[in-house]
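Scroll down for the structure; my scribbles are underneath it.
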Amino acid sequence: MIHNPSVARKAQEQLDAVLGQQRLPNHDDRDSLPYIDAIFREDMRWRPPVPLGIPHVSAEDDIYQGFFIRQGSIVIANVRAMAHDAEKYPDPEKFKPERFLDESGHLTEDEMAYTFGFGRRICPGRYVADATVWLAIAAILTTFDIGPGVDEAGNAVAVADDDYTDGVIVHPKPFRSSLTPRPSKALRFLEDSL
Ligand code: HEM
């Protein structure tokens, strides 16, 4: 959101229209807030948390696109490459939630399910992740404006958009940011719920 303030503004317009700046979002609002889902999907696409998935083993000999895969081979799915396929996702480095919405503003079929893995061992926690991350995005954008942090002298600190940890699971390295309460009653609802 620090790099894409227009995305945050667009989400807040939809949140304000649905919630009337009177309450926090909840799961019953999900169908009315497709842009939040589009942000979640674009999050998963832009920087997949498990960019190479978890290695699988082929249970039997197989042929995939002309390649012979012997039984017992370790198969690694390059999720990051799939999520940055420019034919499927034009301009893939750009953070663009709109790519998951059709002309009428409805969500497309692409739920970015492959970022949770494949087959029988697909992530069993995907429903928990889906519900909690969606609600976190919606609640934070309802109550706060997100911006760059400042250093000791009060100057805005630039944040790299690709400074991530290495490993099986990746996440952004610590960075400074600022959360400014939005001028709405939603913040009071947040305080009341603590
Ligand atoms: C955005 C959040 C998450 C992502 C991107 C994610 C992704 C993945 C991926 C790619 C796998 C490997 C699937 C495969 O073998 O193909 C996996 C496995 C797994 N995940 Fe998640 N996960 C997330 C959240 C969670 C949560 C919240 C839980 C628990 C509540 C969870 C529990 C597990 C478990 C137990 C496995 C191992 C399943 C098995 O090998 O049978 N995950 N996850």
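Order of listing sets the numbers, starting from 1, for every ligand and every atom in it. Only a predicted model underlies this, so the values are computations on that prediction, with no experimental measurement involved. FYI, the numbering just counts along the sequence from 1.
Within the model, atoms CD1 of Ile39 and CD of Gln14 stand 8.5 Å from one another, a figure rounded to the nearest 0.5 Å. Arg23 CZ to Asp29 CG: the interatomic distance, rounded to the nearest 0.5 Å, is 4.0 Å.
Regarding atom 39 (C) of ligand 1, its nearest protein heavy-atom neighbour is Arg121 NE, 3.2 Å. Atom 14 (C) of ligand 1 has its closest protein heavy atom at His56 NE2, 3.1 Å. Scanning the protein heavy atoms around atom 12 (C) of ligand 1, the nearest turns out to be Ile54 CG1, 3.2 Å.
Tyr35 and Glu13 share no donor-acceptor pair across their side chains, judged by distance under 3.5 Å alone. Side-chain N/O atoms of Asp61 and Gln71 include no donor and acceptor closer than 3.5 Å.
Residue contacts with ligand 1 leave out Arg120, since none of its heavy atoms falls under 4.0 Å from the ligand.
For Trp46 and His84, the ring centers sit 6.0 Å or farther from each other.
Residue contacts with ligand 1, taken as heavy atom pairs separated by less than 4.0 Å, involve Thr115 solely via the backbone atoms N, CA, C and O.
Remark: Glu60 CD is loosely packed, at most 12 non-hydrogen atoms of other residues, nucleotides or ligands lying under 6.0 Å away.
Geometric assessment of Arg45 against the ring of Tyr89 yields a positive cation-pi assignment under the 6.0 Å and 45° thresholds.
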| task | Check the pair Lys173 / Asp162 against salt bridge (Lys or Arg N to Asp or Glu O under 4.0 Å), numbers first and verdict last. | result | CA-CA 9 Å; Lys173 290 184 186 161; Asp162 56 359; over 6 Å; no
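Protein N/O/S atoms closer to atom 21 (Fe) of ligand 1 than 2.8 Å number 1 in this structure.
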